[in-house]
Amino acid sequence: MGNSNWTQLWLDYDKKGCDANKEVKVTFEGFDKADRVIASAVKELTKGLLGKEREIVLFKDESVAAEGYKLFSQDRKVLVKASDANGALYGVFALIRAEACSKDLASLDEGEMPSNPLRMTNHWDNMDGSIERGYSGQSFFFENNDIVIGERTVDYARFMASVGINGVVINNVNVKGAATYLITDRFFDKVQKMQEIFADYGIKLYLSLNFAAPIELGGLEVCDPLDEDVIAWWKEKAKEVFTRLPGFGGFLVKADSEGRPGPFTYGRTQADGANMLGDIVAPYGGIIIWRCFVYNCTQDWRDYKTDRARAGYDYFKDLDGAYHDNVILQIKNGPMDFQIREPISPLLGGLTKTNQMLEVQIAQEYTGHQIDLCYLMPMFKEVLDFHTHCCEGKDTVADVVSGRTMGNKLAGMAAVINTGNDYNWTGNYLAAANTYGFGRLAFNTELTSEEIAREWVRMSFGLEKAEEDKLVDMLLRSREIYEKYTSPLGIGWMVTPNVHYGPSVDGYEYSRWGTYHRADHLGIGVDRTDKGTGYAQQYYEPNASMYNDPATCPEELLLFFHHIPYTYKLKTGKTLIQHIYDSHFEGEAEAEELAKTWDSLEGKVPQEVFNLVKHRFEMQLYNAKEWRDQVNSYFFRKSGIADEKGREIY
Ligand code: GCU
C-alpha cells in the first residue's frame, strides 16, 4: 500500500510508483506528435507507465475501427495501433491499465473497439455551484454564476478519456437563470477554454438548452418551434454559438417535463421541437439530444388510469421515424425514474426508425446517495442484455442503443454523473467504481460487472488477491442488498419526498407525481396489465404476455405490473407478505456483513479511505434498519398478518 492521492482516482500514478520525470521512448508511425490528442497520450505515457526500457509506438492503422485500439508487443516494443487519435489515446490508457492490472507487457495482443459511438456524461450542475442530485460536494464547473476552470477541469477530462467518454454535457438539464446565458457572449470565452481542455482528451462539450431562450434572451413573445421569428432567432443564435465555439457538440434538451418549457405549449409535437433545433444546428455538424422524460407530473392519485410508466412511449412512439438524422432521443433505462428496480423502458427498441440513446444515472439519487454502497453495473448489464424483441437477431438494448439494430450512426449511452468538488470526487470513495464502470461499460458493453469491478479495484487499490476478492464481492452484492431492504419487488419509490434518501412508505402515495404503490389491507402493487393501465402491452411479444401474467412475470418486477394479495404464493413457496418481511431482514443483515467485510480491510486500504467508508457504512446500517422496520411495520399494520418467524415488527 503506497501513499494514496485520491484526487487522482484510478490514475494515481504515484501510488503505482511511477517516476514522473522518467523518459519513455515514444515513436510515431503515421500519427502527428503535434496533434493535441496524441500529445495528451504522450504526456499520459510519460507519467503513467512504469516500464521504462520499453519503446511505445503509436502506429496508425486504418484497419482498426474508429476510436478503437489494438495493443501488440514486439521485441522490446509495444505497438498501440489505432486509426484515429482518440483510439491512440484510449490505447495508451489501456496500456497503463494493463500494467496496473499486472499483465505482462511483453506479450500483449489485445484490443477493443467502442460498442457505442456516443459515450457521454451528463452533469446536473447549476451555475450557482450546486448540483441537482449531487452527493459529493459542489460543482467543479460552476461557482457564483460563473464558469470555473482549473486543475480539476484537466483531471476530469483525463479521467473521462481514460474510460473512453467522448462527450460531456456540463450543465443541468433544468436550465434556469444564468445557465440560459451560456449561449451568449457572457460565457463564450470561458466555455471555449473549457472545450479546448476537453478537446485535448478527445471529448466534445455539449450544453443543456433552455427551450424558452427565444423569450428569455431574445425578447420574443413565444418559443413556438414553428413560428418564423423563433426560427430566425435560433438561426442567428446557432451561427453565433458555433462560430464562437468551434468544435462544439450540440445541445441536450429537457422540454415539456417537470415544468420546463416545450413545444406542447403551442400545440406542437416533440418532433416539431427537436427537428426545428436539429435543422438549425445541422449546417455546423451539431446534434440535438432530446430527452424522452415527458410525463404528467400533476396527476391525481385517485386516478387509476393515468400511468406515468406509459408516458414516454405514449408521447414518442407515434412519432417514430419523424425525427431528423441529427436528432437523437435520450431514454431513461426504466419508464419511471432511476429506481433500484424497474422494467426496461419499452421505448428502447419500441422505436425502430429513430436514433436513440440510453440514459442511466450513476449519481445515486434513489440508490443510496453515495452513502449506501450500490455498485450499479449489474443493473446496467441487465438493461443492456434485455431482449426487446424489436426484430429477429440484434434486438437487445445494447444492440439498439449502439446502432447495430438499425445501422444508425447516432447512438450511444449517457450517464447522469456522480462527481463533485469533494477531495475524492465521488463522496464515498467506493462510488468511484460507478464512475469508472459506466465509462468502461459504455465503451465495451461485453465486459462483465465483475471484470469492471476488478479493474477498478486493481487500479485504485492494488490489493493482494484475497482482499481484492473481498472488495469485488462487496461491490457485486451491493445492489441486490440495497434492493432487499428498500421497496419490494419492483414497486419503487417509498422514499422520503424531494430528498429521495431514507424510507417514507406513503411519501409519494398521495402526491401528483404518478408514483403509487396502491397498498391496501389485502394487497399491494399497480395493475399495469391489459385489465389495468395497459402498460404491459407497450412491449413486443413475448414480453407483453410475459409481463401481463403474474405467473410468468419475473418476480422481481411482480408489484410493478400487478396488484397482488399478501397471501399470494411466490415461486419460493413463500407468501408475498412473508417475502417482504424476509427480504427486509435479510437485506439489513447483509448490509451488516458488508460493513464487517470492510472492517476486515483496515490496514489494507489507506487509512483515510478506510475511515470515511466505515463512517458511510455506519450511516448505511442506520438507513437499512429504518427501511427494514418501517416497511415491515407498515405492511404488518396494513395486512394484519404476522411474521411466521416471530421477529420484531413494530
Ligand atoms: C428526476 C430528478 C430530477 C431531475 C429529473 C430529470 O425527477 O429527481 O431532479 O430533474 O429526474 O431527469 O430531468
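Both ligands and their constituent atoms are indexed starting at 1 by order of listing. Quick note: numbers below take in every heavy atom, side chains included, and nothing from hydrogens, waters or symmetry partners. In this text the structure is predicted, and so the values were computed from the model without any measurement.
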- Message: According to salt bridge (Lys or Arg N to Asp or Glu O under 4.0 Å), who are the partners of Asp506, at least two apart in sequence or on a separate chain?
- Response: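 Expected list: none.
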- Task: Identify which one of Tyr482, Trp627, Tyr485 satisfies the side chain to side chain donor-acceptor pair (under 3.5 Å) criterion when paired with Asp372.
- Result: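 Of all the options given, the one that passes is Tyr485.
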- Candidates Trp493, Tyr366, Trp513 - the one meeting side chain to side chain donor-acceptor pair (under 3.5 Å) with Asp337: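 Running side chain to side chain donor-acceptor pair (under 3.5 Å) over Trp493, Tyr366, Trp513 with Asp337 returns exactly one hit, Tyr366.
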Which bit of [X] gets closer than 4.0 Å to ligand 1, counting heavy atoms only: side chain, backbone, both or neither?
X	answer
Val416	neither
Phe338	neither
Asn172	neither

- Judging by distance only, is a nitrogen or oxygen of Lys332 under 3.5 angstrom from one on ligand 1?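 Indeed, backbone or side chain, Lys332 has an N or O that close.
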- For ligand 1, is there an N or O atom under 3.5 Å from any N or O atom of Tyr295?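 No; the residue has no nitrogen or oxygen that sits under 3.5 Å from a nitrogen or oxygen of the ligand.
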- Residues Asn210 and Glu216: side-chain donor-acceptor under 3.5 angstrom: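 Side-chain D/A pair, Asn210 to Glu216: present.
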- Query: Going by atom types only, do Gln538 and Asp314 share a side-chain donor-acceptor pair under 3.5 Å?
  - Reply: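 On atom types as modelled, these side chains qualify, holding a pair under 3.5 Å.
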- Query: Looking at atom 5 (C) of ligand 1, what's its closest protein heavy atom, distance included?
  - Reply: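 Going by distance alone, atom 5 (C) of ligand 1 is nearest to Glu258 OE1, 3.3 Å.
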- Item | Closest protein heavy atom to atom 4 (C) of ligand 1, given as residue, atom name and distance to 0.1 Å |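 Protein heavy atom with the smallest distance to atom 4 (C) of ligand 1: Glu132 OE2, 3.5 Å.
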Considering the heavy atoms of [X], write down every atom of ligand 1 situated less than 4.0 Å from one of them.
X	result
Asp337	1 (C), 7 (O), 11 (O)
Glu365	2 (C), 8 (O)
Phe293	5 (C), 6 (C), 7 (O), 11 (O), 12 (O), 13 (O)

- Shortest non-hydrogen contact from Gln299 to Asp303?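 Distance-wise, the nearest heavy atoms are NE2-O, 3.7 Å.
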- Message: Suppose we screen for side chain to side chain contact (heavy atoms under 4.5 Å, CB included). Which residues come up paired with Leu252, at least two apart in sequence or across chains?
- Response: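 Leu252 satisfies side chain to side chain contact (heavy atoms under 4.5 Å, CB included) with Asn122, Val169, Val173, Ser208, Ile289, Arg291, Gln330 once adjacent residues are dropped.
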- State plainly whether the residues Arg341 and Glu480 are in salt-bridge range, i.e. N to O under 4.0 Å.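 The answer is no: the pair does not qualify as a salt bridge.
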- Message: Just to be sure I'm reading this right: ignoring hydrogens, which of Lys254, Arg133, Met336 gets closest to atom 13 (O) of ligand 1? Compare them by their nearest heavy atoms.
- Response: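 The nearest heavy atom belongs to Lys254.
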